[in-house]
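Have a look at the structure below before the remarks.
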Amino acid sequence: VTQVFRTPNGGRIRRDRTLSFTFDGRPYTGCEGDTLASALLANDVHLVGRSFKYHRPRGILSTGVEDPNALVTIDRSGRRVTPNLRATGVDLYDGLQAYSQNCWPSLRHDFGAITDRLSPLLSTGFYYKTFMWPPALWRRLYEPIIRAAAGLGRAPSEPDPDRYLHQFAHCDLLVIGGGPAGLAAALAASATGRRVILCDEQAEAGGSLLAEPDAVIEGKPATDWLAGTLATLRAAPNVTLLARTTAFGWFPDNFLGLAERCTDHLAMPDPHLPRERLWQVRTREVVIAAGAIERPLVFPHNDRPGIMLADAARTYLQRYGVQVGSYAVVVTSDDSAYRAALALHRAGVTIAAIADRRGEANGPYPAAARAAGITVRTGTSVVGTTGRLRVNAVRLNNRVAAIPCDAVLMCGGWTPSVHLHSQSRGRLRFEDTIGAFVPDTISARGYSAGACAGEFDLSRCLDAGYAAGETAARSRGSTRHFEVSGLLTCSPGTLGTDVEPHDKAFVDLQNDVTTKDLFIATSEGFRSIEHVKRYTTAGMATDQGKTSNLNVLASVAGFVNQPVPSIGHTTFRMPYSPVTFGTLAGAARGALLEPVRCAPLHDWAVAQGAIFEMAGMWKRARCFPRAGEDMQRAVARECRAVRESVGLLDASTLGKIEVVGPDAAEFLDRLYVRNISTMAPGRCRYAVMLRETGFILDDGIVARLAQDRFHITTTTGGAASVLHHMEDYLQTEFPELRVWLTSTTEHWAVISVQGPRSREMLTPLVEGMDLAAMPHMSVRDCRVGDVQARMFRVSFTGELGYEINIPSAHAPEIWHALLASGARLGVTPYGTEAMHVLRAECGFIIVGQETDGTVTPDDVGLGWMIGKDKRDFVGERSLQLADMRRRDRRQLVGLRTLDSHIVLEEGTQLVAGGDRQSLGHVTSAYWSEPQQQSIALALLSNGRARIGSTLQAISTEATIDVAVVDPSVRTLRPKTIAVPAAPHAYRSLPSVDHATTAPCPEVTLTMLPAVTRLSVRAGAAAATTLGRVLGVLLGSVPGRAITSRDRAAMWLGPDEWLVLAPVDTGLAQRADASVGGLLASVVDISHHNAAIEVAGTHATCCINAFNALDLDLRVFPVDGCARTVFGKAEIVLWRTATQVFRIEVARSFAPYVGACLEEARQEFLGETSPRRR
Amino acid sequence: MLLVPCPFCGPRPENEFQYGGEAHIARPPDPSAVDDDTWAAFLFRRNNPKGLHAERWCHIHGCGRFFNCLRDTLSDDIVATYQVRQPRPQVS
């Protein structure tokens, strides 16, 4: 027979829908609507776990999230194993498999229970006091064996296979808790038309009304009133109801974290659905209606299975149709337990006695209990219980004989859930009449209503909830009275414990903290409740002391003989209840952990079988091994090709900034250590940029395109920080300079063509310019094939070299043209590794490798850059500080190992003779093919003076003799005769077409076609002129786009617009020419971005999975636009129609943004997806 | 996540912003004219008040503008934001 303790009728479970489940492998049945706890109790299973420290048998204490004992592991097979779930919060589904924790070999016979016998030795602090010596045992015995004996469930070891999502949301009112007060608040606010979100942690909203068969609200049975209210709220378009959603944290500016459990209650979840969702809600007001938690009583052996909270027993009966026993003793200090006793008595449970700690109990419920014939003993408390795996008898203080029973129902009063109020920095005050803390003053806009504010009368809870909803919604503030009948008045319980220090009277059940432990802590001098908590662990772990905190306070107050309020309380921290790492991480793992940026030629490199390396977020080809080559051989071949003939490098990841304006040269003079203003248009200079502290920030090429226009490059990793650094000085220190900065990093693809035959190879492809007449360090506009290009003659290899800048979309065609044109010269693509070797052979530094934020230009031999007549520039003054001119500063040198074949490790320390003092370290080390010698660069104390000496490089394995040499002394030509390379066939890759995703009415994603994009910066006068040439007004309303036929201008900043137009490669030039003497900067960034359209009824929902803006039409209307953050990418978001958005994103971030949107869209593709409003 | 009132764009989520340290630290107009101590103070010495703090923020993933912000370091409340080079507002 199963479910023998299921009542024949009553409750909210569906007796016609039987569900099978197993606990520790034994099969049971339950009903739809059960929790695991109620189903186990229906099958008379009370023993569900072993305690944390003493492995004592434990049962189900409560019905809710606060339960300290009933922790189980749910195994969904495979990789879906979740430990430490509270059986009281696990919704039953067909096929559920649950396991008990912290026991071996079985729950009934647990070897670890020996610790209970040893408990006198294991009192509080025993671990710190006992296991101090010998130290050798710390790692061999204490940590792995003794410490490991305590514990809860086991963490899963496999990667989590489920999906998790985030959702940003905005509302006017967030109601936390769907009990009577919360429902009344939502009802009040919904009528005002304001946006309301109501969340409740249980499977269905209703709170106490879910177990309220006696009450009548406004003339309707409570159940009917609840159903009607929920129907009203569901029908309101401005109300969102979230079930199984816990508000767990309150952050500044009314920003709350909600954890929604979407699929854990389903037997066969649709794989399209997220398992859990983190709601990040920004709300104007909050109504906290979090309810109250029943307190246990503290008495010796109060932890046996079968001893549970009295109102929980009533809830099991009246909500779940389960009797928690057949012969019960009730012990209480609160009238509500009489109500529970009466309910159980009427259902046929024998109530052997009600023992009330209080001297008298004369309220309506005690009177009703006496009238029903139940024995009531006041001034009575429990002095002990018996029963190994289930309580079987209770001894009371004024009776010699024990009372046999199979359940003990206790109630020590009610504790308002003030957690969120306290997290919001609201203050608490101790309310003597209920023996608990209640909300006092508020500091954020959160109003507590109902039981969490210390109000336990149903009618008054409803009234207070409605009033709070009205206040929060800022409507007229009308009140409403909810008439309730059918319930009697409860007088609240008192706080207190009359137990002497006893090592089996448990105050904190989850951590096995007894009154004796607390007594020891206080007698050892701990006074602060925060210290007592940490010393004894009372109030820690998964339940955070929800049932124990006040009993801990009362015990400590008793031991130190002070009133409870003077003891204070511990801090309420988030999360309110445990939140999984999956919820917090959301979609950000695996491929979506962070963007992987790929250059325009990436697909080609993949097709060649390149080896890649990460440079920041960029994925770059390190080398291109051919059949039979390892990396070393491939790099040697690539280096050789550059030295002998010609090589090609995809250098597109270099940062690029266009600097425009009449004061551009002056501005760059102040930012770079070199003079820039003396440079003629068409010329380039290599220069470094310093922080104000005098240390190198970045380096790159500064090219003057025109009197008032520069193209500068930054390192791959420095692009964003250099632009920010320059903007900082421009906006805050040099605002008088008329200059604008525009990132063009991804507009331009860069192909570096290096080697003695580079000019020979390029000449036939280049039009509009004479390559031979182009001096070193110069820049020219030209055409390569049909493509307008910017040609730089620069070299990072020491060879004749060019860097071709072409709009990104044209990179593959130009690359293939170069490969074809250079085939007879043996043109060889090379990767970043060869690039590193080639520059190291010349002694060129790489910022971030030779520099580390403490290196000056002089340290790396670039002191010559600073002109004698150079005026103030950023960092100049710091270079004059004494420490920056010390002779023993570490300076850049070259190293040659005396044994030429040993390649040093980067980071190896350098010493002289037998001295152990480090003189410096190796910054770069490679094998140099032409020199047939290992080479290295190092930063060495007083290094330039040591050139010619021999030092030792110390690695973990060996000491290696190295000669210190001039870093720029080099032999670039190979010692051996070059063998002409056989022509190599490169595989080409069909171009991938980014098509529209599978259509669905909720969300469809589309890659949009190419357009011309201009970054326009202009003052008011120039904006008007430019608008005419561009064919669209440059509006001045923040966050609004203006459209005109086929073009649009989005306001991005006070003097910045992103202009979109049909493809027109001459538009930028025409616009630039039109401004004449007016102040403006127009930069073509057509190829910088890709565009994704997000369209559908749930487009906003998809975008808000990764973006925190409020996309409500009233806040972000059609033609609203903003530069903002999407996951870990920056985007420009433009609402082109009510349900259509255009996302502009830098092209290397587009795959990441697309993949994020696709992930957010998944839940709408499943057949069983619950549609969210 | 704070809600930061950008003087140009209005209230926007904190993840669009970058913090920039204490405000109103003026770069000496002629760095060569100040002694080492003054220069070192400009570079490194900062206040760390409990309470109102004037600090620089940049709406780096928004309008790109730097601005100043008066924030209570105790409560995290932003009391005022104002444009660069404007004086610190008087707040009672």
Side-chain angles (χ1 to χ4, degrees), chain A residues 168 170 251-255 257 280 282 425 443-444 691-694 720-721 723-724 727-735 741 743 871-883 1017 1038-1039 1051-1056 1107-1110 1115 1122-1132, chain B residues 1-44 55-68 71-78 83-86:
Chain A
F168 289 96
H170 294 78
F251 306 91
D253 290 339
N254 278 12
F255 192 65
Q280 292 166 276
R282 179 87 64 187
R425 299 172 191 254
S443 88
R691 298 174 199 278
E692 198 67 276
T693 49
S721 56
L723 181 64
H724 185 61
E727 280 287 358
D728 190 346
Y729 277 93
L730 183 57
Q731 291 183 37
T732 66
E733 299 294 352
F734 311 136
L741 309 172
S743 169
R871 293 169 300 136
D872 171 41
F873 56 86
V874 173
E876 195 274 342
R877 178 66 183 81
S878 293
L879 293 177
Q880 309 308 323
L881 297 172
D883 196 59
R1017 312 291 298 272
W1051 184 100
L1052 296 185
D1055 62 351
E1056 181 180 3
N1107 172 266
L1109 290 183
D1110 186 354
V1115 181
R1123 184 152 48 203
T1124 181
V1125 174
F1126 184 94
K1128 290 171 185 161
E1130 181 182 288
I1131 62 167
V1132 172
Chain B
M1 186 156 61
L2 294 175
L3 197 59
V4 181
C6 171
F8 302 97
C9 305
R12 297 280 285 265
E14 183 188 345
N15 64 352
E16 294 181 2
F17 296 84
Q18 190 168 81
Y19 181 69
E22 189 178 349
H24 306 297
I25 310 271
R27 188 175 192 264
D30 181 3
S32 63
V34 300
D35 63 20
D36 284 4
D37 269 356
T38 310
W39 184 252
F42 158 69
L43 286 181
F44 301 118
E55 52 201 21
R56 284 153 29 96
W57 286 72
C58 178
H59 195 188
I60 187 166
H61 299 299
C63 65
R65 301 292 95 183
F66 280 80
F67 60 91
N68 292 335
R71 184 178 62 98
D72 188 323
T73 58
L74 202 59
S75 65
D76 240 354
D77 289 339
I78 292 174
Q83 294 188 23
V84 168
R85 300 174 93 82
Q86 284 182 345

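Predicted model only: the values in this text are computed from it and were never measured.
For E1056(A), the part sitting under 4.5 Å from any heavy atom of chain B is the side chain, from C-beta outward, and nothing else. Heavy-atom distances place the backbone of F873(A), and not its side chain, under 4.5 Å from chain B. If you measure heavy-atom distances from R65(B) to chain A, the contacts under 4.5 Å come from both the backbone and the side chain. Within the 4.5 angstrom heavy-atom criterion, no atom of N68(B) approaches chain A.
Taking the side chain as every heavy atom from C-beta outward, L1109(A) and R12(B) approach each other to under 4.5 Å. The shortest side-chain heavy-atom distance between D253(A) and E14(B) does not fall under the 4.5 Å cut-off. Two residues are said to be in side-chain contact when any heavy atoms from C-beta on lie closer than 4.5 Å; W39(B) and S878(A) meet this criterion.
In this structure, CG in D872(A) is found 4.5 Å from CZ in R27(B), a value given to the nearest 0.5 Å. The CZ atom of R282(A) sits 7.5 Å away from the CG atom of L2(B) when rounded to the nearest 0.5 Å. With rounding to the nearest 0.5 angstrom, the OG1 atom of T1124(A) is 7.0 Å from the NE2 atom of H59(B). The CD atom of Q880(A) lies 9.0 Å from the OG atom of S32(B); values are rounded to the nearest 0.5 Å. Residue I60(B) holds its CD1 atom at 9.5 Å from CG of D728(A), rounded to the nearest 0.5 Å. For the atom pair CG (L3(B)) and CG (D1110(A)), the distance works out to 10.0 Å, reported to the nearest 0.5 Å.
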Could you walk me through whether H724(A) and F66(B) pass ring pair (Phe, Tyr, Trp, His ring centres under 6.0 Å), step by step?
-> CA-CA 10 Å; H724(A) 185 61; F66(B) 280 80; 5.2 Å; yes
Evaluate the side-chain contact (heavy atoms from CB on, under 4.5 Å) criterion for residues Q731(A) and V84(B): first the C-alpha distance (whole Å), next the side-chain angles of each, then the deciding distance (0.1 Å), finally the verdict.
-> CA-CA 8 Å; Q731(A) 291 183 37; V84(B) 168; 5.6 Å; no
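Ion pairing between D36(B) and R877(A) holds under the 4.0 Å rule for side-chain N and carboxylate O. A salt bridge does not link D76(B) with R425(A): every distance from a Lys NZ or Arg NE/NH1/NH2 to an Asp or Glu carboxylate oxygen is 4.0 Å or more.
When the candidates D1055(A), L723(A), V1125(A), N254(A) are compared by the number of heavy-atom contacts under 4.5 Å with chain B, V1125(A) comes out ahead. By number of non-hydrogen pairs under 4.5 angstrom with chain B, the leading residue of A1108(A), P1054(A), A882(A) is P1054(A). Options E733(A), E727(A), E876(A) differ in how many heavy-atom pairs under 4.5 Å they form with chain B, and the most are formed by E733(A).
At most 12 non-hydrogen atoms from other residues, nucleotides or ligands lie less than 6.0 angstrom from CZ of R871(A).
The two residues F8(B) and W1051(A) have their closest heavy-atom pair at O-CH2, 3.9 Å.
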